[in-house]
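Predicted, not measured: the structure shown is a model, and the values here were computed from it. A, B, ... follow the sequence lines: proteins, then strands. Residue 1 opens every chain.
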There are 2 protein chains.
Amino acid sequence: MAKRTDMPTRTPPAGRRTTIRAAAAKTPKAASAKLAAERPAANRAEKSAERRAAIVAAAMDEFIARGFAATRLDDVAKRAGVAKGTLYLHFKDKESMFEELIRTAVVPLIDRMAAPPQITGPVRDAVERFAETFIHEIAETRRGDIIRLIVAEGPRFPAIADFYFREVVSRGMAAMRALIQLAITRGEIRQRELAQFPQLIVAPAIVAVIWQSLFARHAPLDALAMFRVHLDLIFGERRTA
Amino acid sequence: MAKRTDMPTRTPPAGRRTTIRAAAAKTPKAASAKLAAERPAANRAEKSAERRAAIVAAAMDEFIARGFAATRLDDVAKRAGVAKGTLYLHFKDKESMFEELIRTAVVPLIDRMAAPPQITGPVRDAVERFAETFIHEIAETRRGDIIRLIVAEGPRFPAIADFYFREVVSRGMAAMRALIQLAITRGEIRQRELAQFPQLIVAPAIVAVIWQSLFARHAPLDALAMFRVHLDLIFGERRTA
DNA sequence: TGACAATGACTGACTAGTCAGTCATTAATG
DNA sequence: CATTAATGACTGACTAGTCAGTCATTGTCA
């Protein structure tokens, strides 16, 4: 396989940067203003957390771009601006790194979904707000790539597929089903069978995510407009917004 | 250690060393012997075609199960019952093998889709027949895994994503759009905007494919029933035929 | 406060494999 | 027997994971 060809903005050779001798007004407690010239105050714990964050970000980029098997930890380290050994101070091995990464990345999804749906008006409005959030913050951002990554690697990482199903899919399905049922009792939705297949509500969003990854360059997709038409199908057409 | 981070249980080395002349002579264990024995009247061209088919089938299994990067050609050869060198008599390298494989596998999709939609009754019936075919022959078979494979590897194989978009997606979209427009003029579909997003028609089918790969074990999905509800949303409810 | 010691985060050369692709040798075919 | 097909041992490039050593930071003491 070809080696890296991109690798934008080569990060400097890590935090060697000794002898900076910044004219920092030394605080009484921390005489550690040497390396901390760049950032205000960074003690050991903070720096470690920063490094970990850098590793996580770098690993995310690489895994998304190449998938699990084709990602080289040397590249992750280089992109994070650390030595390879440092990776192993934060993660047991490549596989744990990958799984932990996915888990971390999925948490925002869960939080977003766990927010109470705010049903102060028509159910359709709640669903539409939900869809706007999803499309704006997931389908059109890097989080969408994570969903694609789960689809791609799920079969080889059952632990990840299980986790995702348990934490996101089944919960989201339950929430959707409740919403559908509410809408049915209110007379907003006529198809009672829809409650059996909450997947139908979110299917266009999933397709939008995939489309953006694979075909955006061929034919850009206005995911939100598409979803609004989809809602018209479910709730019946309506004019005002 | 090294890169033995793969999950699949490594197949044991099996019978090693020594050119086993005797074995090939008596039992149909050896692949070459088997082929020759089963098809007595196989000439060179036929045998070559058979071998190629065996390689294609084996490679498909491996690529689907492991993805491109994690698939070992040694395993493909073993599964196909040929030596590794034989692979290179049929394919230039691993990458060509993968791309050619996808292309080969996608042809049936195209053929299926290219079949004239047979609009002798309501448009809904045509779409429903189409969906039945799709779900029965793709979502519930190995071809569905190929779609997942394209989703998984597409970003790293633009040639494949391009090919798939050109040969399947854009054609399918055009066909769907024509169908929608016909249904609109006939009054079967009310939402005129649907013609702008033919993706909405097939979205549940795509989701079904992904669901089968990832979550079937957690919660089996009756894809056909789901699609019928979906069609009710689009065409309006109707009692079963 | 300044000097020295202890700590442990970080490094990167190195080990122990792995695997795509090659090619000399052997088998099959016509 | 002359070709062509097939084989599988071999090579070399590549990479996950390790670990002995470095040095910035922190703690201690006068």
Side-chain angles (χ1 to χ4, degrees), chain A residues 1-4 13-21 26 28-37 41-52 54-55 66 68-78 80-98, chain B residues 1-6 10 13-21 24-25 30-33 35-36 40-52 54-55 62 66 68-78 80-98:
Chain A
M1 289 291 285
K3 298 199 77 171
R4 288 207 58 74
R16 274 295 61 85
R17 281 301 61 89
T18 35
T19 68
I20 277 296
R21 196 76 308 215
K26 310 155 66 73
K29 176 184 180 292
S32 62
K34 267 159 80 176
L35 192 147
N43 61 26
R44 233 124 126 144
E46 281 166 0
K47 275 179 48 181
S48 177
E50 277 171 22
R51 296 226 129 151
R52 191 191 165 90
I55 292 169
R66 299 171 147 57
F68 176 79
T71 290
R72 275 163 278 144
L73 293 190
D74 282 302
D75 289 345
V76 172
K78 198 183 295 177
V82 303
K84 187 152 70 149
T86 306
L87 303 183
Y88 288 89
L89 300 175
H90 293 273
F91 300 94
K92 180 174 151 288
D93 56 18
K94 191 184 181 186
E95 207 169 308
S96 321
M97 178 187 285
F98 182 67
Chain B
M1 274 295 285
K3 50 168 58 172
R4 196 82 297 260
T5 51
D6 270 356
R10 188 126 171 86
R16 282 264 56 91
R17 293 304 80 83
T18 66
T19 46
I20 308 172
R21 284 296 103 253
S32 57
L35 283 176
N43 62 26
R44 275 191 173 178
E46 283 166 2
K47 276 179 52 178
S48 176
E50 278 170 20
R51 295 222 133 152
R52 190 191 167 90
I55 292 169
E62 293 289 328
R66 295 168 164 47
F68 176 79
T71 290
R72 278 161 286 168
L73 293 190
D74 282 298
D75 290 345
V76 172
K78 198 181 295 176
V82 302
K84 187 154 68 151
T86 306
L87 304 182
Y88 289 88
L89 299 176
H90 294 272
F91 299 95
K92 181 173 150 288
D93 57 17
K94 191 185 181 186
E95 206 167 309
S96 323
M97 177 187 285
F98 182 67

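Between Phe91(B) atom CZ and dA6(D) atom P there is a gap of 13 Å when expressed in whole angstrom units. When the P atom of dT18(C) is taken as reference, atom NZ of Lys78(B) falls 13 Å away, rounded to whole Å. Regarding Leu87(A), its CG atom lies at a distance of 13 Å from the C1' atom of dT15(D), rounded to whole Å. In this structure, Phe98(A) places its CZ atom 16 Å from C1' of dA16(D), rounding to the nearest Å. We find that CG of Leu89(B) is positioned 13 Å from P of dG8(D), with the value rounded to whole Å.
With sequence neighbours left out, Ser48(B) forms a side-chain hydrogen bond (donor to acceptor under 3.5 Å, both in side chains) with no residue at all. Applying the side chain to side chain contact (heavy atoms under 4.5 Å, CB included) rule to Ala49(B) yields no partners; only residues at least two apart in sequence or on another chain are considered. For the side chain to side chain contact (heavy atoms under 4.5 Å, CB included) test, residues two or more places apart in sequence or in another chain that qualify with Ala83(B) are Thr86(B). Considering only residues two or more places apart in sequence or on other chains, Asp93(B) meets the side-chain hydrogen bond (donor to acceptor under 3.5 Å, both in side chains) condition with Ser96(B). Judged as a ring-ring contact (aromatic ring centres under 6.0 Å, His included), and not counting sequence neighbours, Tyr88(B) has no contacts. Checked against salt bridge (charged side-chain N to carboxylate O under 4.0 Å, His left out), Lys94(B) has no partners two or more places apart in sequence or in another chain. Not counting sequence neighbours, the partners of Phe98(A) by the ring-ring contact (aromatic ring centres under 6.0 Å, His included) test are Phe63(A), Phe68(A), Phe157(A).
Scanning both residues, Ala80(B) and Ala54(B), for their nearest heavy atoms gives CB-O, 3.7 Å.
Axis deviation across the helix from dT1(C)-dA30(D) to dG30(C)-dC1(D) amounts to 10°, comparing end segments of five pairs, rounded to 10 degrees.
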Nucleotides 20-24 of chain C: which of its N/O atoms have a protein N/O under 3.5 Å away?
| from | atom 1 | to | atom 2 | distance (Å) |
| --- | --- | --- | --- | --- |
| dA20(C) | OP1 | Thr71(B) | O | 3.0 |
| dA20(C) | OP1 | Lys94(B) | NZ | 3.3 |
| dA20(C) | OP2 | Leu73(B) | N | 2.9 |
| dA20(C) | N7 | Lys84(B) | NZ | 2.8 |
| dG21(C) | OP2 | Tyr88(B) | OH | 3.1 |
| dG21(C) | OP2 | Lys94(B) | N | 2.9 |
| dG21(C) | N7 | Lys84(B) | NZ | 3.0 |
| dG21(C) | O6 | Lys84(B) | NZ | 2.8 |

